[in-house]
Amino acid sequence: MAESPILKVENLTKYFHTPRGLLHAVDDVNFSINKGKTLGIVGESGCGKSTTGRLILKLTNPTRGKIFFEGNDISDYSVSKMRPLRSEMQMIFQDPFSSLDPRQSVMQLISEPIIEYKLLRSKQEVEKRTLELMDIVGLASRYMNTYPHELDGGRRQRIGVARALALNPKLIVCDEPVSALDVSIQAQILNLLKNLQKDMFLTYVFITHNLSVVKYFSDDIAVMYLGQLVEKAPSEIIFQRPMHPYTKALLAAVPVPVVGKDRSVRQLIRGEITSPVNLPDECRFANRCDYCAAICRERNPLLREVEPNHFVACARVANPEDAYLLSPAALKP
Amino acid sequence: MVDISINSISGEQELKSRSLGQETLRRLLKNKGAIIGMLFLLILIIAAVLSGFIYDYDTDVISQNIGERLQWPSRAHIFGTDELGRDIFIRILYGARYSLTIGSGSVLIGLIVGVIFGSIAGFYGGMVDQVIMRTNDILYAVPNIMIAVVIVSLLGTSTFNLLLALCVSASSSFVRIARASVMTIRGQEYIESAYAMGLPTWKIILKHVIPNSLSPIIVQVTLLIGTTIISASSLSFLGIGVPSPAPEWGAMLSAGRSQIRNASYICVIPGLAIMFTVLALNLLGDGLRDALDPKLKK
Amino acid sequence: MADEKMDYMLEVKDLKVQYNTDAGIVYAVNGLDLCITSKKTLGLVGETGAGKTTTALSILNLVPNPPGKITSGEIFLAGKSVLGMNINELEKMRGNEVAMIFQDPMTALNPVMTVGDQIAESIMLHNKVSETESMSRAKEMLRLVGIDEGRIHDYPHQFSGGMRQRVVIAIALACHPKFLIADEPTTALDVTIQAQVLELIKQLIAKSDMSVLLITHDLGVVAEICDEVAVMYSGRIVEKGTADDVFNHILHVYTEGLFNSLPNLRKRGEELRPIKGMMPNPMEKIVGCSFAPRCPYATKRCLSEIPALRKMSDTHFVACHAYDDKTFTLKGNING
């Protein structure tokens, strides 16, 4: 039985007009997520993943394209029409230092959404719920009247999670929620998020540049480059059978914490990311791709389903066998 | 294995929590200059208030006593008497009321007006920003003495009209500061977080933007009171400020010019009063700026 | 063992550094022992607040004073005592025999000077050469780090993050230092750019005879570049050895916890096992082992006595009382 996805975006596009020209922040992105699942969106800086996250929540309006939340087209919803929906879709921000108002205590920060939406009536009820939330995210109750600047990054991020949960949302967009944290704290927060997902049947959009984290966390992964989706597949598949040259390069670039004979030689990517302004109609990865052919310069390749549930936007990959041809061995004369 | 309680993991178990305001106060109180400034101002304010009760305006402050005129400072008259026999000490104390009222009054009104317009300009940007800022530039460019002359010639000399004239230049500097501050805060992630939560824009401005933008504004308030006092004194010196015989310090300075050779204290003492008051305000303002400096990261 | 001292590029003995802030004293480094063999690369690993950057600054006596103060310890660079040097000797050494690169390429370069001038500045400061000669050496450096020579008159803002970091490296290596301190040199860069820059650093190290102190929190980076590893916790070293020692024969519980916290690219689905609790507040003066509150093997002794670095093999050292018992091994159960 095919479930209707909780979130679906079609041809999602966001352009910015800058003095230098048209900036393609997000270009023609398509994906859907089923309830209770996690979609990881991966890419480096400037790929448009953060903008995509904000588009989903309508924190910024799309230039083109559609966003469907629980089947409803919210793309054109005004601010006031979005308001009741806001309690269903929340965000966890990257920087636990700047995403909390320094003038509010922990109690005020977590109870603000509850009070704003009048979810509970009396002061005692609000306080009780706040303490409940603090307990869920692992914040000791004695921190209730402390201020963000007195706490460390891990605890601040827990406040951010509690805030996002306060409205009982169905969907949470996590924008690099652990990137600013130390490794051991990262692990604590990731475990927390995973457990919450199980307990509360949450759907996550997990935005990050950290491949190891996204693998651990996501059911499906979408790789973005310069505003476009270049590959999308279930998590294991992306790591076992990456097809797009950029995905392969990204995977190869991650420094692996292993010492000894099992270290494989890494295939590195050359060059720098081109500017996202005034992009010509060709493959955006062409300048850096070792497998670039004439066809790659003719037009921007579309995202195609190359094998079940595995989408790739590369002119040279029409079926899985092609992907294997795009390997270092094939480059040798 | 020894049972070690979780409490010892972090050093925050006492949790004597301090808000940002309390942190600022603590840092401020460590600054010697700021404390000197605050003490001086406190004494001045108390003196100004009490002088209204202790001394009667008509008999003590402005009544002339030709017999006692031009006496150098002595035990009977701590600061001496002026050319009309009036006790200068009493007049200085009483005069503090004018300086402090005009200084804080015009700055306060300017603050409210300036913050409102500056916040709107900073928050919305675009055309709104342009209109507000260019109007503000015009007001800012006109010297406040000129504005005072215009207002006074239209409405006459009085304490109130002087205050009004000084409001204009005070508000124009607050518009700029508030705008810059708001523009910085607007980009912060916690503002985005408020949007994501569905807070209406007006609430975001009032609850999150303005309270966090206050730091540079607070510093400016103290410094601006100082300059406003000097402006008020200058205008009174020129005769378009507080009308005589009111013991406004600038007016006293002006009146004492004729006696500067033989009774210089008549000029010097009001001058010193202005100087020390503004100095105290500046020390406080600098202390506030240092205390508010957000070096909160450990 | 007579030549022991000569074999070490860097020797740090019982270093203690504190910062006297108005909020209290911050004990940044608490008895650190470190040594780097000549021509080797040591990775100094630790989380935020462990004291890594303070250690790096101390080596060049660059700890801002006030509020920082080196309260005790000795630092020897190629046999010479750093703390005993006067300012002239220090200045002669900095940028010349010892170079340092910092984390953020955006702020490490002067925005109003061309990159060529910035590289040449370092060369002219330490060598008696003409301007033309220093410029041509600067061009050489740009080539060495993979930047087109023609960009010598460009300004920092005209370069991307990765390229700026290459310029920073060029400046650091311009005087062919014997010792390089790199403080999180690739942390602020994108993954693919990080890989490029790490590869560059690796090649440059191989070409020269430099010893390197690489500070990082990323165990992957350490595995990529370092010969030796030292793990830092709360201002002191808890484990050190060769890369193989520390990665494949873990001795200290904290090190084990660090590895357990990593979402490994290989084993998906296995739950992460983070270490309970947090690093102690550096403003507290700690008695005994600073890791004890989080340690499942802690005993009474650990609360009162700081463990010294104990030799477990020719290369491998660990600071832990548990190894008093010769049969002790980690059970891989840091969460108890």
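Residue numbering restarts at 1 for every chain, and letters A, B, ... go by the order of the sequence lines.
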Does [atom1] belonging to [X] count more than 12 external heavy atoms closer than 6.0 Å?
| X | atom1 | answer |
| --- | --- | --- |
| A/K37 | NZ | no |
| B/F123 | CZ | yes |
| A/K81 | NZ | no |
| A/R20 | CZ | no |

Minimum heavy-atom separation for B/P200 to A/R83, with atom names?
->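 Closest approach of B/P200 to A/R83, heavy atoms only: CD-NH1, 3.6 Å.
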
Where B/S193 and A/S99 come nearest, the two heavy atoms and their spacing =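 So the two residues come closest at CB-O, 4.0 Å.
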
Using non-hydrogen atoms only, which part of B/K203 is less than 4.5 Å away from chain A: side chain, backbone, both, or neither?
->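 For B/K203, the contact with chain A is made by the side chain alone.
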
Output the option from A/M82, A/K58, A/Q104 having the highest count of non-hydrogen pairs under 4.5 Å with chain B.
->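 Between A/M82, A/K58, A/Q104, the count favours A/Q104.
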
Relative to chain B, which segment of [X] carries a heavy atom at a distance below 4.5 Å: side chain, backbone, both, or neither?
| X | result |
| --- | --- |
| A/E112 | both |
| A/L100 | backbone |
| A/I92 | neither |

Supply the atom-to-atom distance B/Y190 OH to A/D101 CG, rounded to the nearest 0.5 angstrom.
->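 Atom-to-atom, B/Y190:OH and A/D101:CG are 5.0 Å apart.
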
Not counting sequence neighbours, which residues clear ring pair (Phe, Tyr, Trp, His ring centres under 6.0 Å) with A/F206? List them please.
->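 With sequence neighbours excluded, A/F206 shows a ring pair (Phe, Tyr, Trp, His ring centres under 6.0 Å) to A/F217, given in chain and number order.
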
Without swapping roles, check the side chain of [X] against the backbone of [Y] for a donor-acceptor pair under 3.5 Å.
| X | Y | answer |
| --- | --- | --- |
| A/Q90 | B/A196 | yes |
| A/R103 | B/P211 | yes |
| A/Y117 | B/M197 | yes |

With a 3.5 Å cut-off and sequence neighbours excluded, list the donor-acceptor pairs that the side chains of residues 108-116 of chain B form with protein atoms.
none

State, with a plain yes or no, whether a side-chain heavy atom of A/M91 is found less than 4.5 Å away from one of B/E189.
->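 The answer is no, as the side chains (C-beta and beyond) never meet within the 4.5 Å cut-off.
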
